[in-house]
Amino acid sequence: MTHTKDLQPRLERINFRDAVFLQSASALNNAPKDTGSEVAFAGRSNAGKSSAINTLTQNKKLARTSRTPGRTQLINFFTLSDNQRLVDLPGYGYAKVPLKMKREWNQHLENYLQRRQSLRGLVLLMDIRHPLTETDEQMIGWASSAGMPVHVLLTKADKLKRGPAKSTLLSVQARLTEYGDLTSVQLFSSLKRDGLRDLEKKLATWLTDESVFDDPNESDTGESDPTDTDSACMDH
Ligand code: GDP
């Protein structure tokens, strides 16, 4: 009996439609057990985060589209399988939230990005018409200083014509290079479902990445991911 390690890419195995609500948490200390893999979604209120999660999971009700932005500042966890989760972080940047609450939340988010062991990557959503706000940059800064990959979704891409959308994509990509090579960016539209496949591929890569479980001291040449040919995604 040979012991064979499954080296086949397992990107097709995640069924995002299986996502079910697990629990909410007000901070890291009441989050679900920190095991397995999870991917978090963050963005300014109204960036289109709930719509994107609902499009991805094909569940119109999973993530509530923002009714009172900034009021319920909870992290929502959804399970995809026993050891894979999607995480909906509270929207930020809502003007009416008191400063003290904003500061507390910044602290929680920073903690989450820097300490959560099971977190494999951050999907950062930005309205294509207002990309890279100060808080967006702060989030990228926290994530990159924690060595956390960030994938930017330029949402509501259907609101711009192809030319301006492409040039925004290029300028955001140029800015991201300054944060190192763990960043990528793509266009996305929940309305048209554009960019959905690229998002699914990115998430599957993160959620099935077993290299994170490898012992870094073991001398193993390791297989680099040959499937990472995501043409519409701009990695660097
Ligand atoms: P959230 O606050 O980040 O969760 O944002 P929502 O998902 O609630 O979306 C905010 C607003 O943007 C809503 O009115 C949505 O209908 C709209 N929206 C979200 N995604 C898209 C999109 O892809 N295209 C267009 N045209 N509108 C969108």
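Both ligands and their constituent atoms are indexed starting at 1 by order of listing.
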* Side-chain heavy atoms of W142 within contact of M148, under 4.5 Å -> no
* Hey, does N46 sit under 4.0 Å from ligand 1 if you only count heavy atoms? -> yes
* When only distance counts, is F188 in polar contact with ligand 1, meaning an N/O pair under 3.5 Å? -> no
* Which atoms of ligand 1 have any heavy atom of D158 under 4.0 Å away? -> 22 (C), 23 (O), 24 (N), 25 (C), 26 (N)
* Structure fact -> Numbered in order shown, the ligand 1 atoms found under 4.0 Å of a heavy atom of L191 are 22 (C), 23 (O), 24 (N), 26 (N)
* Would you check whether S189 reaches within less than 4.0 Å of ligand 1, judged by its heavy atoms? => yes
* **Between D181 and T183: side-chain donor-acceptor atoms closer than 3.5 Å** => no
* Residue-ligand contact G43/ligand 1, heavy atom below 4.0 Å -> no
* Basic-acidic side-chain contact under 4.0 Å: D34, R116 -> yes
* Asked: Linking I/L/V/M/F/W/Y whenever their side-chain heavy atoms sit closer than 4.5 Å, directly or via other members, would L196 and L191 fall into one cluster?
  -> no
* Asked: With backbone taken as N, CA, C and O and side chain as the heavy atoms from C-beta onward, which portion of K159 lies under 4.0 Å from ligand 1: side chain, backbone, both, or neither?
  -> side chain
* When you check the gap from the basic side-chain N to the acidic O, do R44 and D136 get nearer than 4.0 Å? -> no
* Which option out of S51, A157, A42, S45 puts a heavy atom nearest to atom 19 (C) of ligand 1? -> S51
* Asked: Would you find more than 12 non-hydrogen atoms of other residues, nucleotides or ligands less than 6.0 Å from R115 atom CZ?
  -> no
